[in-house]
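Just so we're clear, the structure is a prediction, and the values are computed from it rather than from any experiment. Throughout, protein chains are lettered first and strands after them, A, B, ... in sequence-line order, and every chain is numbered starting at 1.
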Amino acid sequence: MNNKVRVRFAPSPTGNLHIGGARTALFNWLFARHNGGSFILRIDDTDLARSTEESTRGILSALRWLGIDWDEGPVVGGPYGPYFQSQRLDIYKEMAQKLIDQGKAYYCYCTPEELAQRRKEAMASGKAPKYDGRCRELSLQERKRKEAEGCKPAIRLRIPDSGETVVNDLFRGDVVFSNDVLDDFIIIKSNGMPVYNFACVVDDALMRISHIIRAEEHLSNTPRQVLVYQALGYQLPVFAHVSMILAPDRSKLSKRHGATSVEEFRDSGYLPEALVNYLALLGWAPEGEDEIFSLPELVNQFILDRVGKTAAIYDIKKLTWMNGHYLNQEDLDLIVELVIPYFQRKNLISEDPSQKEMDYLRKVVEAVRTRVKTLAEVADAAEYFYVDDFSYDEKGVRKHFRKENAAEYLAKAKERLAALSDFTLETTEAAYRELSEELGIKAGEIIHPTRLAISGRTMGPGLFDIMVILGKEKTLERMERAIQYIKNLS
RNA sequence: GGCCCGUUAGUCAAGUGGUCUAAGACACCGGCCUUUCACGCCGGCAACAGGGGUUCGAAUCCCCUACGGGUCACCA
């Protein structure tokens with residue numbers, strides 16, 4: 001059972017779950033599920049200043065929403081806990097102490113201000129901003145003196161001055177770093193908190209993580225981590241650095257590029273199925289030509305061999321297309337449920353919709369959903385089913401209302417409809433067909449003005465669908481309103 | 001700036017020395033369907049960053065250049 005697949009996703013709770021993070025989580029999760037391994041969630045919250053509980057909650061809920069569950073981690077616990085780094089401080093201290101005892105790490109009394117100053121100077125003179133190792137060989141007396149001055153030390157890892165550190169990356173092969181580009185980096189801050197490169201390794205090792213699948217931005221940090229593994233005497237995991245997701249202008253994805261977090265996509269009406277499907281395709285390629293996959297299908301197909309190494313620019317248009325696909329494929333009742341808050345936000349339905357409202361909503365959603373791509377757009381496209389005093393599309397007015405006989409045709413059509421005892425798809429359409437034939441005009445000549453009259457728009461669901469959903473009374477009212485409107489046109 | 005990674009159409013991508021006069025998807029354009037729009041279906045446009053090698057043969061291997069990204073914190 002030693003070679004069991006154990007992977008982790010270790011976000012720092014300093015904000016929303018970014019789509020890059022979501023993809024990393026997804027790849028890890030898919031890899032675990034495909035191989036019958038474990039997916040562990042760990043919260044890397046050692047940055048006291050930026051970590052928040054709210055963010056942790058948000059990340060957990062975003063993962064759940066995507067359909068990503070975890071075998072060990074917050075809420076569910078597990079045999080290698082705790083799964084919050086802030087609760088593992090003793091472990092890091094113990095490990096660091098061990099390294100100090102072995103002479104592999106040492107106390108450093110330089111202050112952040114001094115270091116920043118030296119870094120600035122080094123940069124200015126064009127040199128690499130490396131720590132100069134001045135606290136490496138402090139004598140006991142010197143240390144005592146510093147501490148007497150009230151100086152709280154940080155702990156640095158002593159790394160080899162020469163030689164090289166090799167990172168074997170699953171996707172890129174051996175990546176070699178010369179040790180002289182590295183320096184003795186801090187593993188425990190003066191406030192006692194561990195630094196990422198240290199805590200991460202301690203936890204990954206203790207949690208028996210077998211494969212580290214994470215974003216490429218960590219590749220340059222990996223030699224440092226390898227050094228920690230070696231100092232601690234742990235076996236190295238398999239590293240697999242997935243390329244990054246970039247914004248359309250090839251820069252790092254940020255707020256100014258629109259939605260970047262799972263929460264934002266969720267709120268703007270994207271479905272988890274679509275987001276997951278799309279994200280999976282960013283960096284991973286399925287074997288065949290299909291691109292539409294459910295989560296179980298992805299689990300079945302996902303292998304690391306088919307993950308690429310080139311950075312991907314995310315394309316909101318394809319995501320949106322995919323969302324439209326799922327919006328239409330999903331069970332209608334499910335979509336109706338999901339769409340409720342969007343209708344409520346626009347005050348189209350009440351806070352606690354009655355059965356009657358729900359029945360009406362169902363019809364509206366059914367008529368409208370094939371034409372739009374997000375849940376929010378469903379509500380936008382449905383507005384005239386709820387609001388009577390809409391304005392008429394300007395182009396439409398020019399095209400359909402300013403015609404010679406517009407008012408007359410509408411009046412005639414209204415008359416026919418009024419005479420119907422049964423107001424159905426069949427009877428309304430038959431009425432229109434007959435009328436157009438009698439008038440010797442194409443059905444479109446009355447259909448288009450009618451659409452504009454009862455919806456204010458020139459496009460949308462089939463005209464007779466709209467009529468039937470609205471009902472006879474509203475249809476006639478709206479036609480009358482349009483007739484008056486046309487008469488007042490000069 | 002040093003180091004590291006990457007570079008197939010506008011975008012995602014297949015492709016692991018010959019089957020590539022380079023797949024598929026989104027977008028875009030055209031057509032069909034149709035009362036409109038969308039869906040769907042059919043078709044089209046469009047790419048191996050540049051230059052040197054290696055080889056009988058290179059998108060695939062090597063080198064250089066260019067461009068892009070990452071990293072060099074008492075952030076993760």
Side-chain angles (χ1 to χ4, degrees), chain A residues 10-14 44-47 49-51 85 108 110-112 115-116 119 123 126-130 152-156 167 169 171-172 175-178 180-183 185-197 199-200 215-224 241 243-244 246 248 250-252 278 281-292 306 308-322 324-325 328 368-373 381 396 400 429 432-433 436 442-448 450-452 455 457-464:
Chain A
S12 68
T14 54
D44 284 7
D45 56 352
T46 53
D47 185 348
R50 296 196 303 148
S51 296
Q85 289 193 325
C108 171
C110 302
T111 66
L115 293 165
R119 190 174 313 119
M123 291 285 239
K127 283 193 294 197
K130 273 176 59 171
K152 287 274 187 201
I155 300 177
R156 285 181 188 270
V167 175
D169 183 83
F171 302 130
R172 292 157 229 275
V175 182
V176 180
F177 296 83
S178 172
D180 55 41
V181 305
L182 273 18
D183 62 2
F185 57 95
I186 289 173
I187 58 178
I188 302 282
K189 305 178 204 173
S190 54
N191 68 1
M193 294 299 279
V195 157
Y196 171 74
N197 283 321
C200 165
E216 191 186 353
E217 59 187 316
H218 292 287
L219 182 56
S220 298
N221 270 319
T222 308
R224 276 173 256 275
H241 290 94
S243 60
M244 314 221 10
L246 269 23
R250 298 204 77 76
S251 68
K252 199 167 180 172
Y278 178 71
L281 259 21
L282 234 44
W284 169 81
E287 194 144 358
E289 288 184 350
D290 286 350
E291 295 202 331
I292 300 293
R306 297 194 65 85
K309 50 185 168 183
T310 73
I313 295 171
Y314 101 103
D315 180 15
I316 185 91
K317 283 192 173 164
K318 185 158 181 177
L319 201 212
T320 303
W321 164 79
M322 209 166 247
H325 172 85
N328 279 293
V368 145
R369 72 160 163 174
T370 61
R371 271 151 265 263
V372 296
K373 306 235 187 292
H400 305 300
E429 175 152 16
Y432 266 59
R433 299 286 171 205
S436 69
K442 285 204 275 189
E445 303 250 5
I446 37 180
I447 285 174
H448 294 308
T450 306
R451 173 191 303 286
L452 187 61
S455 75
R457 307 189 189 188
T458 57
M459 36 177 255
L463 176 68
F464 307 110

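Distance from the side chain of V175(A) is smallest to rC5(B) among rA27(B), rC5(B), rA13(B). Picking from rU35(B), rA25(B), rG10(B) the nucleotide with the shortest atom distance to the side chain of D315(A) gives rG10(B). Residue A312(A) places its side chain closer to rA13(B) than to any other of rG24(B), rA13(B), rA25(B).
The CG atom of N197(A) sits 9.0 Å away from the NE2 atom of H218(A) when rounded to the nearest 0.5 Å. For the atom pair CG of N221(A) and SG of C200(A), the computed distance is 9.0 Å after rounding to the nearest 0.5 Å.
Contact annotation: side chain of R172(A) to base of rC5(B), donor-acceptor pair absent below 3.5 Å. For R457(A) against rU36(B), a side-chain-to-base donor-acceptor contact under 3.5 Å is absent.
T458(A) comes within contact range of at least one nucleobase, with a heavy-atom separation under 4.0 Å. Residue L282(A) is in sugar-phosphate contact alone, with no base atom involved, counting any heavy-atom pair closer than 4.0 Å across all strands shown. Across all strands, V176(A) comes closer than 4.0 Å only to sugar-phosphate atoms, never to a base (heavy-atom distances). Residue contacts for A285(A): at a heavy-atom cut-off of 4.0 Å it reaches the sugar-phosphate backbone alone, with no base atom in range. Nucleic acid contact class of P461(A) (heavy atoms, under 4.0 Å, all strands): base. Across all strands, G460(A) comes closer than 4.0 Å to base atoms (heavy-atom distances). Within 4.0 Å (heavy atoms only), F464(A) reaches at least one base atom of the nucleic acid. Across all strands shown, G283(A) has heavy atoms under 4.0 Å from sugar-phosphate atoms exclusively, and none from any base.
Straight-line distance between the C1' atoms of rC5(B) and rG10(B): roughly 24 Å, to the nearest whole Å. Spacing between rU8(B) and rC67(B) at atom C1', rounded to whole Å, works out to 16 Å. Nucleotides rA22(B) and rU60(B) place their P atoms 16 Å apart, quoted to the nearest Å. Only the C1' atoms considered, rA13(B) is 22 Å distant from rG70(B), to the nearest whole Å. Comparing rA9(B) with rG15(B), their C1' atoms sit 15 Å apart, to the nearest whole Å. For the C1' atoms, the distance from rG69(B) to rC37(B) is 41 Å, rounded to whole Å. When the C1' atom is compared between rA59(B) and rU34(B), the two are found 44 Å apart, to the nearest whole Å. Atom P of rG50(B) sits at a distance of 16 Å from the matching atom of rA66(B), rounded to the whole Å.
Contact check on E216(A) versus K309(A) returns no salt bridge, with no Lys/Arg side-chain nitrogen under 4.0 Å from an Asp/Glu carboxylate oxygen.
Atom NZ in K318(A) sits roughly 15 Å away from atom C1' in rC28(B) (whole-Å rounding). When rounded to the nearest whole Å, the span between NZ of K373(A) and P of rC26(B) equals 11 Å. If you measure from atom NE2 of H325(A) to atom P of rA38(B), you get 19 Å, rounded to the nearest angstrom. Between the CZ atom of R306(A) and the C1' atom of rA14(B) there is a distance of 7 Å, given to the nearest Å. One atom, CZ of R250(A), and another, C1' of rG69(B), lie 8 Å apart when rounded to the nearest Å. As rounded to whole Å, 18 Å separates atom P of rA25(B) from atom NZ of K317(A). Counting to the nearest Å, the C1' atom of rG6(B) and the CG atom of D169(A) are 12 Å from each other. Rounded to whole angstrom, the span from the OH atom of Y278(A) across to the P atom of rG24(B) amounts to 20 Å.
Side-chain rings of Y278(A) and H325(A) stay apart, their centers remaining 6.0 Å or farther from each other.
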Across nucleotides 70-76 of chain B, 5' to 3', mark each nucleotide with B, S or - according to how protein heavy atoms within less than 4.0 Å reach it. BSSSBBB
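Looking only at side-chain heavy atoms (C-beta outward), M322(A) and L281(A) come within less than 4.5 Å of each other. Taking 4.5 Å as the limit, some side-chain heavy atom of K252(A) sits within range of a side-chain heavy atom of M244(A).
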Given D315(A) and K318(A), is the salt bridge (charged side-chain N to carboxylate O under 4.0 Å, His left out) satisfied, shown in steps? CA-CA 6 Å; D315(A) 180 15; K318(A) 185 158 181 177; over 6 Å; no
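Comparing K309(A) and L319(A) by the nucleotide of RNA chain B that holds the closest heavy atom to each, the one mapping nearer the 5' end is K309(A).
Nucleotide rA73(B): unpaired (no Watson-Crick or G-U wobble partner with both distances less than 3.5 Å). Taking a pair to require two hydrogen-bonding distances under 3.5 Å in either a Watson-Crick or a G-U wobble arrangement, rU16(B) remains unpaired. Pair check for rG40(B) finds rC32(B); Watson-Crick or G-U wobble, both atom distances under 3.5 Å. Across all strands shown, the partner of rC26(B) is rG10(B), judged by Watson-Crick or G-U wobble contacts whose two distances both fall under 3.5 Å.
Side-chain N/O atoms of H400(A) and T450(A) include no donor and acceptor closer than 3.5 Å. With 3.5 Å as the limit, one finds no donor-acceptor pair spanning the side chains of D45(A) and Q85(A).
Taking each heavy atom of W321(A) and K373(A) in turn, the nearest pair found is CA-CD, 4.0 Å.
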